[in-house]
Amino acid sequence: MIVRAESVIWNDGSLGCPEPGMMYTQALVNGYWVVIDAAGEKYDFRVGRGGSFRLCPAGRGRPPSQAGAN
């Protein structure tokens with residue numbers, strides 16, 4: 001079941017899900033935030049301009065800067 005599917009603006013190139021030791025562009029990134037519930041588990045996907053999905057591990061994700069990106 002889809003819990004969330006919205007257009008957002010991420011704060012930087014990490015798409016709100018930074019990995020330890022990685023560096024990211026410090027610019028706003030248009031994208032999408034999709035959360036799916038499957039068998040009682042929530043899967044938090046982040047999407048950037050390129051369209052590739054990134055699964056964000058539980059507890060690591062940060063919210064986007066704002067909803068309603070174009």
Side-chain angles (χ1 to χ4, degrees):
M1 170 172 75
I2 296 174
V3 175
R4 173 190 305 265
E6 61 185 287
S7 176
V8 298
I9 297 175
W10 297 109
N11 293 319
D12 60 27
S14 74
L15 307 180
C17 189
E19 294 182 39
M22 295 293 293
M23 294 180 68
Y24 299 96
T25 58
Q26 298 301 301
L28 297 176
V29 176
N30 290 331
Y32 297 92
W33 189 7
V34 179
V35 178
I36 297 171
D37 186 321
E41 295 288 327
K42 285 198 170 65
Y43 297 92
D44 181 351
F45 290 94
R46 312 303 178 92
V47 186
R49 282 182 257 225
S52 60
F53 281 72
R54 177 186 304 173
L55 178 61
C56 189
R60 189 181 301 166
R62 297 180 190 151
S65 64
Q66 60 184 331
N70 290 323

Which pairs of donor and acceptor atoms, one on a side chain in residues 39-48, lie under 3.5 Å apart (sequence neighbours left out)?
from, atom 1, to, atom 2, distance (Å)
Asp44, OD1, Trp33, NE1, 2.9
Asp44, OD1, Arg46, NE, 2.7
Asp44, OD2, Arg46, NE, 3.4
Asp44, OD2, Arg46, NH2, 2.9
Arg46, NH1, Leu15, O, 2.9
Arg46, NH1, Gly16, O, 3.3
Arg46, NH1, Arg62, O, 3.1

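Checked by atom type and distance alone, the side chain of Ser65 pairs as donor or acceptor with a backbone atom of Ile9 at under 3.5 Å.
Arg60 meets the side-chain hydrogen bond (donor to acceptor under 3.5 Å, both in side chains) test with no other residue; sequence neighbours excluded.
Summarising the hydrophobic clusters (Ile, Leu, Val, Met, Phe, Trp, Tyr; side-chain heavy atoms under 4.5 Å, direct or chained), the residues clustered with Met22 are Tyr24.
Judged as a side chain to side chain donor-acceptor pair (under 3.5 Å), the pairs with a partner in residues 12-23 (not counting sequence neighbours) are, in order, Asp12-Ser14. Among pairs with a residue in residues 20-63, those fulfilling disulfide bond (SG atoms under 2.5 Å apart) read Cys17-Cys56, at least two apart in sequence or across chains.
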